2 protein chains.
Amino acid sequence: MNCACHSDHSAAPLDDLTGRLREGDRRITGARARILDVLRRHSHPMTNREIHGHLPRGTCDLATIYRSMHLLEDLSLVQRFDFGDGIARFELVGAHKSGHHHHLICIKCSGVVELEECFPAELEQRIARANGFTSVTHKLEFFGVCAACQKSPAR
Amino acid sequence: MNCACHSDHSAAPLDDLTGRLREGDRRITGARARILDVLRRHSHPMTNREIHGHLPRGTCDLATIYRSMHLLEDLSLVQRFDFGDGIARFELVGAHKSGHHHHLICIKCSGVVELEECFPAELEQRIARANGFTSVTHKLEFFGVCAACQKSPAR
DNA sequence: GTGTCTGCAAACTTTTTGCAGAGCT
DNA sequence: AGCTCTGCAAAAAGTTTGCAGACAC
């Protein structure tokens with residue numbers, strides 16, 4: 001597999017966790033481990049509320065999840081996605097070979113497909129150069145109707 | 001360029017306004033005309049708060065702008081964009097040749113460049129087919145550092 | 001005149017923040 | 001023990017909604 005990342009992705013993110021947290025004088029807490037646990041069991045982006053809902057109730061405050069996601073994002077352990085509804089969604093980095101990827105979302109059932117395809121790099125380069133921009137990246141998500149929802153008349 | 005849009009966007013939006021509103025038993029009101037006026041003077045996506053700020057104060061309530069944007073969006077007179085910060089932005093359809101287009105946004109100064117380039121249509125087709133999806137569209141925005149901001153050390 | 005719109009105020013949602021006590025090392 | 005983290009509650013910020021009066025046709 002073509003992956004520019006140097007770390008061993010087969011290692012569970014939890015293994016990296018200790019080291020990465022230590023660097024920043026951060027602690028390994030029950031809440032953070034539990035959050036990563038939920039993310040590890042779901043291969044698609046989740047909202048903070050969804051993560052909260054998948055934790056045993058009373059186990060972790062919603063505010064703690066918001067704070068944890070900021071931290072985990074800074075540590076590059078999770079990636080933030082935006083499906084256009086103004087609600088942040090997070091996915092574990094390493095669940096897919098490369099951190100950068102996109103999604104195909106069903107507008108009926110909200111089902112998500114993880115995509116390998118990406119915006120052509122050399123076209124992005126051309127756009128950047130043509131406009132004098134540097135460090136150009138992109139946000140890209142696809143929306144459509146999945147096979148199942150095409151059949152169901154209602155919904 | 002690869003643009004899947006079939007409609008003719010060259011007609012001025014205001015000309016369409018009367019007809020389109022009539023169809024739905026809607027009125028042409030001062031507030032709506034004023035909002036379109038502001039949008040016509042700005043070629044980049046604006047937030048509702050920005051639109052509100054550009055209107056003579058006391059002229060139009062923020063709630064009215066929110067309601068108007070929903071209406072104008074339904075009538076396809078305005079297009080909604082999402083720059084990833086959870087704030088809706090709107091741009092007049094017809095300000096650019098094709099309704100469907102994307103932006104290149106400076107992460108330092110928030111400057112916006114309107115782009116002609118689009119995600120390759122036949123690659124999108126392939127993604128749709130490979131996953132059994134139909135009616136596939138996409139949201140795509142680019143982020144980088146503009147020429148001016150590359151020079152200014154601070155900021 | 002009739003039905004749609006608007007302003008105002010209140011509610012709702014997502015996200016952030018202050019603070020005191022609990023937890024990790 | 002020392003500093004970080006968490007829960008709770010309150011506060012931002014964007015957006016939506018109910019209602020009575022104003023306005024378009």
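These values consider heavy atoms only, across backbone and side chains, with no hydrogens, waters or symmetry-generated copies. Since the model is a prediction, treat every value here as computed from it, not as a measurement. A, B, ... follow the sequence lines: proteins, then strands. Residue 1 opens every chain.
- Going from atom CG of B/Asp74 over to atom P of C/dC5 covers 12 Å, rounded to whole Å.
- How far CD of B/Gln79 is from NE2 of B/His100: 8.0 Å, rounded to the nearest 0.5 Å.
- B/Asn131 contributes no side-chain N or O that, together with a main-chain N or O of B/Phe133, makes up a donor-acceptor pair within less than 3.5 Å.
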task: Apply side-chain contact (heavy atoms from CB on, under 4.5 Å) to A/Leu39 and A/Val78, showing your working.
output: CA-CA 9 Å; A/Leu39 290 174; A/Val78 305; 3.7 Å; yes

Using the 3.5 Å cut-off, write out each protein N or O paired with an N or O of nucleotides 8-13 of chain D and the distance between them.
unit_1: D/dC8; atom_1: N4; unit_2: A/Arg67; atom_2: NH2; d: 3.4

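- Closest approach of A/Val112 to A/Pro45, counting heavy atoms only: CG1-CD, 4.4 Å.
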message: side-chain contact (heavy atoms from CB on, under 4.5 Å) for A/Leu115 and A/His101? Distances and angles first, verdict last.
response: CA-CA 6 Å; A/Leu115 297 178; A/His101 66 282; over 6 Å; no

Can you check nucleotides 23-25 of chain D for protein contacts, nitrogen or oxygen pairs under 3.5 Å, and list what you find?
unit_1: D/dA24; atom_1: N3; unit_2: B/Arg27; atom_2: NH1; d: 3.3
unit_1: D/dC25; atom_1: OP1; unit_2: B/Ile28; atom_2: N; d: 3.3

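- Atoms CG (A/Leu75) and P (D/dC5) sit 10 Å apart, rounded to a whole Å.
- Within the 3.5 Å criterion, the main-chain N or O of B/Leu62 finds no donor-acceptor partner in the side chain of B/Arg49.
- In this entry the distance linking CZ of B/Arg32 with P of C/dG7 reads 11 Å, nearest Å.
- Across the protein-nucleic acid pair, B/Asp85 atom CG and C/dT15 atom C1' stand 13 Å apart, rounded to whole Å.
- Distance CG (B/Asp82) to P (D/dT15): 10 Å, rounded to an integer number of Å.
- With the end axes of the helix from C/dG1-D/dC25 to C/dT25-D/dA1 each set by five pairs, the angle from one to the other reads 30° at 10° resolution.
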message: Run the side-chain contact (heavy atoms from CB on, under 4.5 Å) test on B/Leu77 and B/Val93 for me, step by step, so that the C-alpha distance in whole Å, both residues' side-chain angles and the decisive distance to 0.1 Å come before the verdict.
response: CA-CA 5 Å; B/Leu77 287 172; B/Val93 169; 5.9 Å; no

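- When rounded to the nearest whole Å, the span between OH of B/Tyr66 and P of C/dT13 equals 16 Å.
- Separating the CG atom in A/Leu123 from the CZ atom in B/Phe119 is a distance of 10.0 Å, to the nearest 0.5 Å.
- Across the protein-nucleic acid pair, A/Ile35 atom CD1 and D/dT6 atom C1' stand 11 Å apart, rounded to whole Å.
- Of all heavy-atom pairs spanning A/Arg89 and A/Glu50, the tightest one is NH1-OE2, 4.5 Å.
- Among the atoms of the strands shown, only primed sugar atoms or phosphate atoms (P, OP1, OP2) are found under 4.0 Å from some heavy atom of A/His70.
- The 5' end of DNA chain D is approached more closely, in terms of each residue's nearest nucleotide, by A/Thr59 than by the other of B/Arg80 and A/Thr59.
- The CG-P distance, from A/Leu36 to D/dC5, rounds to 14 Å in whole Å.
- A salt bridge does not link B/Arg34 to B/Asp37: none of the charged nitrogens lies less than 4.0 Å from a carboxylate oxygen.
- Atom-to-atom distance recorded for B/Ile105:CD1 and A/Lys139:NZ is 9.5 Å, nearest 0.5 angstrom.
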